[in-house]
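Computed from a predicted model, the values in this text were never measured in an experiment.
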Amino acid sequence: MSTPTAMPACLYIVATPIGNLNDMTPHAIDVLKQVAIIACEDTRTSGKLLSYFGIDTKGDKTDDTKDTAHPETKNESDTAPKQKGHNKLWAYHEHNSAVQTPKIIEMIQQGHSVALISDAGTPLVSDPGYQLVQAAHAAKVTVSPIVGASAAIAALSVAGLPSDRFSFIGFLPAKTHGRQKQLSALHSRTETLIFYEAPHRIIASLEDMAATFGAEREVTFCRELTKTFETVHKSTLGNLVEFVKADDNQQRGEIVVVVAGVNVAQDPDDISTHDKLLQRLLEDLSVKKAAALAADITGVKKNALYQRLLELQAE
């Protein structure tokens, strides 16, 4: 067994930049240089970041033939870090976490220090790592945060929306029905809501938000934060849909959508806030079927929606 590292045996949760490399903290660099193992989502992506900051992970020539990106394929003697020249970059993601988690915990219990990083930002915020941290606590292993960038908090800080109470929702379901169902459950929430979204789904998600929350709901669209082509655009959901549709560049990169909570001064059950959704449903469905589907999406009583649909049809 190799000699434990000089750093305290601990699991460090290390934040990395979300775009601008100058946001990397000296504390994070120091920890990543000293730990025995760096667990990361993608060894190629993280390898480039670590190389930029002069953090050596390659090891000496005697270790070059080993597949260090996938230590789960090695036997017990191979997984132990060498005192000198070992490759300390380990792949840790949702597809191998069940295998890697106990091995990493064992390394810490043997006296080795481990850092967990994600591809960008603070680990565990819509990233892998929950199982590892949970296992560390269960094993009475110390867990220590090395703080830094977070896209969610960065977006909230520039959104111009209430920040005293907020909920991080993360990514919505990819399929339309699941997405609309989750949004309907969030319809009457009064706190600010923070969403992540993939570029290829951003228009569909914004349209569903406008239909469910109402086109006039305040929103701030944040894209490529801290990067060269950063966007911070405050608008209403209805106008934001058109803004994003009109510019293909707004459909690229890392996206955070910050949505205002429902105004408590207004009636959250005001059925007219669903008019856009109801009108769209009327284009393809009968009043009866539109009312049933709208009730499923919004949580509003079907009879009330039916009456509103009749009103809209008569206008």
(request) Decide if atom CD of Glu254 counts as having more than 12 heavy atoms of other residues, nucleotides or ligands within a radius under 6.0 Å. (result) no
(message) Membership question, hydrophobic clusters at under 4.5 Å side-chain separation (ILVMFWY): are Ile255 and Met209 in the same one?
(response) yes
(message) If we ignore hydrogens and angles and just use 3.5 Å, is the side chain of Thr25 paired with the main-chain N or O of Gly148 as donor and acceptor?
(response) no
(message) With rounding to the nearest 0.5 angstrom, report the CD to OG distance, Glu242 to Ser235.
(response) 10.0 Å
(request) Consider only side-chain N and O atoms of Gln110 and Glu106, and report whether a donor and an acceptor are under 3.5 Å apart. (result) yes
(request) Please check if any side-chain donor atom of Ser205 sits under 3.5 Å from a side-chain acceptor atom of Glu197, or the reverse. (result) yes
(request) Search all heavy atoms of Ala294 against all heavy atoms of Leu278 and return the closest pair with its distance. (result) CB-CD2, 3.6 Å
(message) I'd like to know whether CZ of Phe53 has more than 12 heavy-atom contacts from other residues, nucleotides or ligands below 6.0 angstrom.
(response) yes
(message) Could you report the tightest heavy-atom contact between Lys302 and Ala292, atom names first, then the distance?
(response) CD-CA, 3.7 Å
(request) Count the heavy atoms of every other residue, nucleotide or ligand shown that sit under 6.0 Å from NZ of Lys227, and state whether that count exceeds 12. (result) yes
(request) Check whether Ile203 and Val256 end up in the same hydrophobic cluster, where Ile, Leu, Val, Met, Phe, Trp and Tyr are linked by side-chain heavy atoms less than 4.5 Å apart. (result) no
(request) Keeping the roles fixed (side chain from Gln251, backbone from Val244), state whether a donor-acceptor pair exists under 3.5 Å. (result) yes
(request) Say whether Arg165 and Thr192, considering side chains only, have a donor N or O and an acceptor N or O under 3.5 Å apart. (result) no
(request) Output the distance between atom CG (Leu281) and atom CG (Leu309), rounded to the nearest 0.5 Å. (result) 7.5 Å
(request) Examine distances only and state if a side-chain atom of Ser118 and a backbone atom of Ala120 form a donor-acceptor pair shorter than 3.5 Å. (result) yes
(request) For Tyr130 and Ser97, test the side chains for any donor-to-acceptor distance below 3.5 angstrom and give the result as yes or no. (result) no
(message) I'd like to know if Lys88 pairs up with Asp56 as an ion pair, taking the criterion as any Lys NZ or Arg NE/NH1/NH2 lying under 4.0 Å from an Asp or Glu carboxylate oxygen.
(response) no
(message) Tell me whether Ser46 contacts the main-chain N or O of Thr43 through its side chain, where contact means a donor paired with an acceptor under 3.5 Å.
(response) no
(request) Determine whether Ile38 and Tyr12 fall in the same hydrophobic cluster, where Ile, Leu, Val, Met, Phe, Trp and Tyr are linked whenever their side-chain heavy atoms lie under 4.5 Å apart. (result) yes
(request) Kindly work out whether a path of hydrophobic side-chain contacts (I/L/V/M/F/W/Y, heavy atoms less than 4.5 Å apart) joins Phe221 to Leu186. (result) yes
(request) Taking only Lys NZ, Arg NE, NH1 and NH2, and the carboxylate oxygens of Asp or Glu, determine whether Arg223 and Glu230 approach each other closer than 4.0 Å. (result) no
(message) Apply salt bridge (charged side-chain N to carboxylate O under 4.0 Å, His left out) to residues Arg308 and Glu311 and explain how you reach the verdict.
(response) CA-CA 5 Å; Arg308 182 57 183 163; Glu311 293 171 4; 2.8 Å; yes
(request) Measure the spacing between NZ of Lys276 and CG of Leu237 and express it to the nearest 0.5 Å. (result) 9.0 Å
(request) May I ask you to check whether Gln34 and Asp30 show a side-chain donor-acceptor distance below 3.5 Å? (result) yes
(request) Look only at the side chain of Glu41 and the backbone of His93, and say whether a donor-acceptor pair between them is shorter than 3.5 Å. (result) no
(request) Hey, could you give me the CD1/OG1 distance between Ile146 and Thr122, rounded to the nearest 0.5 Å? (result) 11.5 Å
(message) Is it true that, when you exclude Lys181 itself, more than 12 heavy atoms of the residues, nucleotides or ligands shown sit nearer than 6.0 Å to its NZ?
(response) no
(message) Taking the six-membered ring for Trp, are Phe168 and Tyr196 closer than 6.0 Å centroid to centroid?
(response) yes
(message) For Cys10 versus Ile108, what's the shortest heavy-atom pair and its separation?
(response) N-CG2, 3.7 Å
(request) Taking all heavy atoms of Ala159 and all of Thr220, pick out the closest pair and write down the distance. (result) O-OG1, 2.7 Å
(message) Assess whether a salt bridge exists between Glu207 and Lys245, defined as any Lys/Arg side-chain N lying under 4.0 Å from an Asp/Glu carboxylate O.
(response) yes
(request) Locate the shortest heavy-atom distance separating Ala151 from Leu225; write the atom from each residue and the value. (result) O-CD1, 3.9 Å
(message) What I want to check is whether the side chains of Thr236 and Asn239 have a donor and an acceptor closer together than 3.5 Å.
(response) yes
(message) Once rounded to the nearest 0.5 Å, what's the spacing between atom CG of Leu132 and atom CG of Leu124?
(response) 8.5 Å
(message) As an exercise, state the distance from CD1 of Ile194 to CG of Leu156, rounded to the nearest 0.5 Å.
(response) 4.5 Å
(request) Determine, using the 4.5 Å side-chain heavy-atom cutoff (strictly less than), whether Val133 and Val114 are members of one ILVMFWY cluster. (result) yes
(message) For Thr231 and Glu224: C-alpha separation, side-chain torsions, deciding distance, then whether side chain to side chain donor-acceptor pair (under 3.5 Å) applies.
(response) CA-CA 7 Å; Thr231 298; Glu224 295 290 85; over 6 Å; no
(request) Please examine the side chains of Leu89 and Leu50, heavy atoms only from C-beta on, and report whether any two atoms are closer than 4.5 Å. (result) yes
(message) Among Val259, Thr212, Leu240, exactly one meets side chain to side chain contact (heavy atoms under 4.5 Å, CB included) together with Arg217. Which residue is that?
(response) Val259
(message) Set out, in order, the CA-CA distance, both residues' side-chain angles and the distance that settles side-chain contact (heavy atoms from CB on, under 4.5 Å) for Asp42 and Cys40, then state yes or no.
(response) CA-CA 6 Å; Asp42 188 317; Cys40 61; over 6 Å; no
(message) Before you tell me yes or no, could you show the steps for Glu191 and Ser167 under side chain to side chain donor-acceptor pair (under 3.5 Å), namely the whole-Å CA-CA distance, both residues' side-chain angles and the distance that decides it to 0.1 Å?
(response) CA-CA 7 Å; Glu191 75 274 25; Ser167 290; 2.6 Å; yes
(message) Checking the side chain of Asn96 only, and the main-chain atoms of Ala91 only, is there a donor and an acceptor separated by less than 3.5 Å?
(response) yes
